[in-house]
Amino acid sequence: MSVVPAHHILGIDVGGSAVKGAIVDLNTGTLVSERYRLKTPRTAGPKEIGRLVARIVKHFKWRGPVGCGMPGPIKDGKVLALANLDKAWIGVKAHEVYSAACGCPVIVVNDADAAGLAEMQFGAGRGRKGVVVLATLGTGIGTAVFVDGTLVPNTEFGQMELRGKPAEQFASARVRKVKDLSWKTWGKRLNEYLAALENVLWPDAIILGGGVSRKAPRFLPSLKTRAHLMAATLGNEAGIVGAALAARRRT
Ligand code: BGC
């Protein structure tokens with residue numbers, strides 16, 4: 001590959017249904033390549049996901065730093081817990097697995113934290129002070145909390161108990177699809193989740209993210225929160241853009 005500008009970084013978003021990557025321009029928060037997407041296999045342990053991440057790196061003939069977002073609280077690259085990928089990940093140093101598989105330095109952060117970084121810098125949260133929480137509604141529910149623009153990493157408010165189970169099993173976008181819920185019924189579930197979240201966090205603003213944020217007009221008007229409620233503006237790209245941003249912060 002020809003000389004890559006220093007403000008271009010490969011961002012990868014590892015999710016329960018797909019692993020997606022693209023080259024990100026960190027000055028603008030936009031993708032400067034097409035998005036390359038591979039389906040997450042049923043067994044999604046370190047070996048399998050490592051291989052997919054390496055395929056993405058190879059696809060872009062990438063040699064520079066890589067930022068990767070994945071589910072679970074992640075400290076110094078180590079996966080501490082997981083709900084939506086293979087449990088074999090727990091305790092594994094993900095950055096070492098990916099770096100070895102691709103032959104380039106990979107920085108790993110929680111996927112919702114990555115999406116939050118992108119929304120705060122380039123999207124709905126731009127310039128927002130106070131306590132802001134981004135909730136990504138996808139296979140699970142991920143959260144990213146910011147205090148005056150600074151990330152409080154690894155919050156897991158999707159795992160908060162609601163009706164006797166993790167909230168994400170009640171109100172994620174996957175639940176809407178699997179249970180074939182109408183927007184109205186799902187909106188009620190989401191309202192219940194947001195009320196529970198507000199009772200423990202009292203944020204000033206809430207940003208709803210994930211692919212479903214593109215459909216915000218269908219469910220946002222029925223939601224009632226004390227905090228200022230917004231739809232994310234970067235949609236599904238936030239995870240990729242934010243992963244690249246995280247890599248710049250650490251390199
Ligand atoms: C995980 C979070 C993650 C979210 C979105 C949840 O199951 O616990 O860490 O951010 O899914 O992928």
Side-chain angles (χ1 to χ4, degrees), residues 11-21 37-42 44-46 49 52-53 67-95 98 107-120 125 132-146 151-163 165-178 189-190 193-194 196-197 200-201 203 206-213 232 234-243 245-246:
I12 297 181
D13 186 10
V14 174
S17 41
V19 181
K20 297 162 280 184
R37 182 182 194 276
L38 299 166
K39 208 166 169 288
T40 305
R42 195 181 283 262
I49 301 291
L52 296 192
V53 167
C68 180
M70 66 183 288
I74 295 173
K75 286 209 177 190
D76 300 324
K78 194 180 197 180
V79 183
L80 302 178
L82 263 188
N84 287 318
L85 286 180
D86 199 282
K87 296 275 183 282
W89 272 109
I90 296 174
V92 169
K93 291 183 176 160
H95 64 300
Y98 295 145
I107 268 99
V108 185
V109 291
N110 170 266
D111 55 356
D113 284 350
L117 288 170
E119 287 293 337
M120 292 303 283
V132 181
V133 53
L134 167 102
T136 60
L137 309 165
T139 309
I141 295 181
T143 55
V145 173
F146 292 83
L151 173 68
V152 180
N154 291 317
T155 56
E156 286 283 341
F157 288 111
Q159 304 303 330
M160 207 169 57
E161 194 176 306
L162 196 61
R163 297 199 177 214
K165 54 187 170 192
E168 67 177 8
Q169 290 177 21
F170 178 70
S172 72
R174 175 170 63 183
V175 169
R176 187 189 71 81
K177 276 202 184 140
V178 169
R189 288 184 177 221
L190 209 48
Y193 170 63
L194 293 174
L197 179 66
V200 294
L201 193 65
I206 299 175
I207 304 172
L208 296 181
V212 78
S213 55
L234 302 180
N236 252 338
E237 287 180 5
I240 295 176
V241 173
L245 277 174

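Indexing begins at 1, ligand by ligand and atom by atom, following the structure's order.
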Identity and distance of the protein heavy atom lying nearest atom 7 (O) of ligand 1: Glu168 OE1, 2.7 Å
Sub-3.5 Å N/O-N/O distance, Gly72 and ligand 1: yes
Work out whether the distance between some heavy atom of Ile141 and some atom of ligand 1 is less than 4.0 Å. yes
Flag, side chain of Glu168 to backbone of Gly142, donor-acceptor distance under 3.5 Å: no
Enumerate the atoms of ligand 1 whose separation from the nearest heavy atom of Gln159 is less than 4.0 angstrom. 1 (C), 6 (C), 7 (O), 8 (O)
Positive for side chain to side chain contact (heavy atoms under 4.5 Å, CB included) with Thr40, one of Val14, Thr139, Leu85: Leu85
Please confirm whether Thr136 comes within less than 3.5 Å of ligand 1 when only nitrogen or oxygen atoms on both sides are compared. no
Between Ala112 and Thr136, what is the shortest heavy-atom contact and its length? CB-OG1, 4.0 Å
For Gly69 versus Ala243, what's the shortest heavy-atom pair and its separation? N-CB, 3.7 Å
Among protein heavy atoms, which sits nearest to atom 3 (C) of ligand 1, and what does the distance come to when rounded to 0.1 Å? Asp111 OD1, 3.2 Å
State the CG-CD1 distance between Asp113 and Ile74, to the nearest 0.5 angstrom. 8.5 Å
Under 4.5 Å between any side-chain heavy atoms of Tyr193 and Met160, yes or no? yes
Below 4.0 angstrom from a heavy atom of Glu156, which ligand 1 atoms are there? Numbered from 1 as shown, please. 1 (C), 2 (C), 8 (O), 9 (O)
Using a 4.0 Å cutoff against the non-hydrogen atoms of Ala112, which atoms of ligand 1 qualify? 10 (O)
Kindly confirm or rule out an N or O of Thr143 lying under 3.5 angstrom from an N or O of ligand 1. no
Considering non-hydrogen atoms only, spot the tightest contact between Phe146 and Gly116 and give its length. CZ-C, 3.3 Å
